Amino acid sequence: MTDQTPASHTTEAVTQGKLLHRMTNRIRQSLELQEILSATATEMRTFLDTDRVKVYRFESDGTGQVIAESVIENRLPSLLGLHFPAGDIPPHAREMFVKARVRSIIDIPTQRITLNRLDCPPTTGDLTIEDVHNQAIEDILQRPVDPCHVEYLTKIGVQSSLVIPIVHQQKLWGLLASHHAQPKAFSREQLQIVQTLADQVAIAISQSHLLSQSRERVRGETLINQISTLLHSPLKISEILQIALEKVVQAVKGSGGRLFVSSPSGQSDIELYTYGSQPLLTEGNPTVLENYPFWQQLMTSESRLAQPSNVADYWRDLILSEEEAMRLRRRAVSQLFAFNDIYQELQLLDVAPVFRPTRIRSLLAMPLVHGDQCVGILSLFRDEIDTDILWAGRYDPDERQDRVRSSFEVWRELKLGQAREWTDEEIEITSSVGTHLTMAVLQNRLYQCEYQQRVLVEMRNQELNKARTVAEEASRLKSDFLSSTSHELRTPLAATLNYLKLLKEGFYDNEEELKEYINVAYNSAENLVAIINDVLDIAKIEAGRMTLNPEWIDLPSLLAEQQNLFRLETRQKEITLVIECEVERVYADLMKLRQVLTNLLSNAFKFTPSGEIRLQVISETSADHPWVKFSVTDTGIGIEPAKQDMLFEPFVQADGSVKRRYGGTGLGLTVCKRLVELMGGEISLYSLGKGKGASVTFTLPQYGAGIMR
């Protein structure tokens, strides 16, 4: 300490006040901690006119690092960036800094350390932590410097040391240290200003800490807003979940992640989204990570806190109040599992081998839970890191060397495969994103459920409309059937009765006219029987009472029979009937096949005024099965292509003129279609148009319908 006159003291006080004002203003110009500490070191060294001022920050494990420094070149070596072991500043010294909260001034020539405090009596003695706890602060303000500390400072060329503790939130955050290569005295005013600077630094640290917290909160809220906006975008839910997964992995500085969405029905149709590094799942183990016991326990855990039982309650809780929102966030965090080192967790021992081939070292796992149902799991991975630390002093495993560095030669400590700790901010972000993902999955399931219900209703409406149309068509067909049938039945029946009446009452002139009346009555009755048979055949087929009697049919014989049957029509109309048969036999019902051929040939002769009729039977293979193909082709009146399919409907003919000119009930092709289908075949009609003839083709399985089925 130096003595001064009152005038000079006042002048120096004003100057120092201006300096303090300038220094504090410079410190307050920024909220960035590193800038503040660098400015503090520079201003303090300039103010004290010492060789070096450094800011030393304590780590959580007791070690420390010089994070800011101002040093005159070549006077003292730079320590910026160097780490120091925890033993360099022993625990009792730290306790003393916290308890006394005063500056310590070490004078190497006198080997005295003074815990500078106003109005403090000097005391001496060796101190321990217990001493610090048990003795009054006034008793420990001054003492001899430990010899090892003297050696420590002497080794680094320091003859004067001034150290001011920086206390943040009632904890020793770091030290503000001034070193000088020569012995140096400090005035009371200088010490007061330095102490004020240290207090300003403590405030700046608090502000910077608040700034960091605010930035982290803004970063998290920005991410949540992005994901929330994403959830309401028109993208597909699969794209939304994939993008959300990528964003949260990047937000927590992870190396990979996966989003497992379980099936609503609990079946195997799961959804899995992955991004970045993944565990190596090999054969012989579960092919899905979420099938391992740890993830299975997450999805079935009974220890979850009670949650709303339905979606409406869930959304109500979300908008109820800020307090409820906080409660939900806390609940989400409580369900999140954060492992810094997966190889140190007993519950992950069985799954650790799948991570061994990778650099994944840390895991965050959060079940996406609603009520008592787990809709999925969000898993985030983080790779191990290699740390490269510059320590002050050569490494010496002898603990006796911990406090005394024989040299400050820097040695580099390279640690490979270090796990990184998940921070509270990263856990908070993950839990918030997990909550939003849960909402997205639930919303999508509600939408899918609603969509399925809507589709089901539409399908039912379509089925009802179709059933109504079928019923209306059936009603119309029934009316047409009754009308046509009654008309077709009455015509031959009336003709039969009229001619029988003529015969009964003897209204004929000769034998020839008698035969004619009898012949007409017979033909009318025969036509009547044919109509009744067709109707009965259709009725039996529709009722499922038509049975098959399959047998091997000799086709040449059957076709020769048909040729004889229509020999009379051939002669009368001078139409050639050509029969071509390339197949010897087919396994079918003889009576029904004969009826089909007879109907088709009868139609062909009826609608063909001239030319020829060709019946062709060939063999063909379709779908690896042999078929017999029958074709009846004529050179008759033909039919328009648009009306061809209608001819297989009951009582349908091309148009009214055809019916009036050629007669018939329109049941012939309908009966043929039913019989062919009953025998396992298909039938079709093709015509190039009116006046261009027609061809009816049907196929039958050569070895019978029973073989084909």
Side-chain angles (χ1 to χ4, degrees), residues 480-539 558-579 591 594-613 615 632 634-639 647 650-672 690-691 693-694 696:
D480 291 347
F481 177 82
L482 293 175
S483 175
S484 299
T485 302
S486 60
H487 173 75
E488 296 301 330
L489 290 175
R490 282 195 188 99
T491 300
L493 181 59
T496 303
L497 290 175
N498 289 335
Y499 279 99
L500 289 176
K501 185 177 180 181
L502 292 175
L503 292 173
K504 179 182 177 182
E505 295 178 356
F507 288 111
Y508 51 86
D509 297 332
N510 49 45
E511 188 67 22
E512 183 178 356
E513 193 172 38
L514 172 62
K515 291 181 181 179
E516 180 183 355
Y517 288 176
I518 294 174
N519 190 43
V520 172
Y522 175 79
N523 291 334
S524 297
E526 192 176 43
N527 189 23
L528 179 61
V529 171
I531 294 174
I532 293 173
N533 286 337
D534 287 344
V535 172
L536 291 178
D537 284 345
I538 292 177
L558 177 62
L559 299 185
E561 177 187 312
Q562 291 294 315
Q563 192 166 32
N564 293 330
L565 183 63
F566 288 93
R567 191 179 302 280
L568 180 60
E569 284 81 355
T570 301
R571 291 177 179 174
Q572 290 178 345
K573 302 183 73 170
E574 296 181 349
I575 295 175
T576 304
L577 176 58
V578 180
I579 296 179
M591 297 301 295
R594 178 185 289 132
Q595 185 177 350
V596 172
L597 290 174
T598 303
N599 283 347
L600 296 181
L601 289 173
S602 177
N603 276 347
F605 276 101
K606 183 167 65 174
F607 297 116
T608 304
S610 61
E612 70 170 23
I613 297 173
L615 173 58
V632 178
D634 60 52
T635 57
I637 62 175
I639 185 173
L647 294 182
F651 305 109
V652 173
Q653 292 186 341
D655 51 44
S657 62
V658 172
K659 186 172 184 178
R660 288 190 298 271
R661 181 176 178 184
Y662 298 97
T665 62
L667 290 174
L669 287 178
T670 304
V671 172
C672 290
K690 282 188 174 181
V696 179

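Numbers here are sequence positions counted from 1. For clarity, every value in this text was computed on a predicted model and none was experimentally measured.
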Taking it one step at a time, do E516 and E512 satisfy side chain to side chain contact (heavy atoms under 4.5 Å, CB included)? CA-CA 6 Å; E516 180 183 355; E512 183 178 356; 5.9 Å; no

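- Inter-residue side-chain proximity for I613 and V578 is flagged as unmet; no heavy-atom pair is nearer than 4.5 Å.
- Rounding to the nearest 0.5 angstrom, the gap separating the CD atom in E513 from the CD atom in E511 is 11.0 Å.
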Carefully, step by step, assess L502 and N498 under the rule side chain to side chain contact (heavy atoms under 4.5 Å, CB included). CA-CA 6 Å; L502 292 175; N498 289 335; 5.6 Å; no

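- Legend: residues meeting side-chain contact (heavy atoms from CB on, under 4.5 Å) with E505, ordered by chain and number and at least two apart, are K501, F507.
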Could you walk me through whether T635 and S610 pass the side chain to side chain contact (heavy atoms under 4.5 Å, CB included) test, one step at a time? CA-CA 7 Å; T635 57; S610 61; 5.7 Å; no

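- Between P609 and G636, the closest heavy-atom pair is CD-CA, 4.2 Å.
- The side chain to side chain contact (heavy atoms under 4.5 Å, CB included) test with L601 singles out one residue from V632, V696, I579, D634, and that residue is V632.
- Judged by distance alone, the side chain of K573 and the main-chain N or O of F605 form a donor-acceptor pair under 3.5 Å.
- In terms of heavy-atom proximity, V671 sits nearest to Q595 at CG1-NE2, 3.6 Å.
- Counting heavy atoms from C-beta on, the side chains of N599 and L669 never come closer than 4.5 Å.
- Side chains of I639 and K690 form no contact here, defined as non-hydrogen atoms less than 4.5 Å apart.
- No more than 12 heavy atoms of other residues, nucleotides or ligands sit less than 6.0 Å from atom OH of Y499.
- Looking only at side-chain heavy atoms (C-beta outward), L597 and L559 come within less than 4.5 Å of each other.
- With sequence neighbours left out, the side-chain contact (heavy atoms from CB on, under 4.5 Å) criterion links V529 to N533.
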May I have the list of side-chain donor-acceptor pairs in residues 563-570 shorter than 3.5 Å, sequence neighbours left out?
from : atom 1 : to   : atom 2 : distance (Å)
Q563 : NE2    : L577 : O      : 3.4
N564 : OD1    : R567 : NH2    : 2.3
N564 : ND2    : A560 : O      : 3.3
T570 : OG1    : F566 : O      : 2.8

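- Here the closest non-hydrogen pair linking A521 and L500 is CB-CD2, 4.3 Å.
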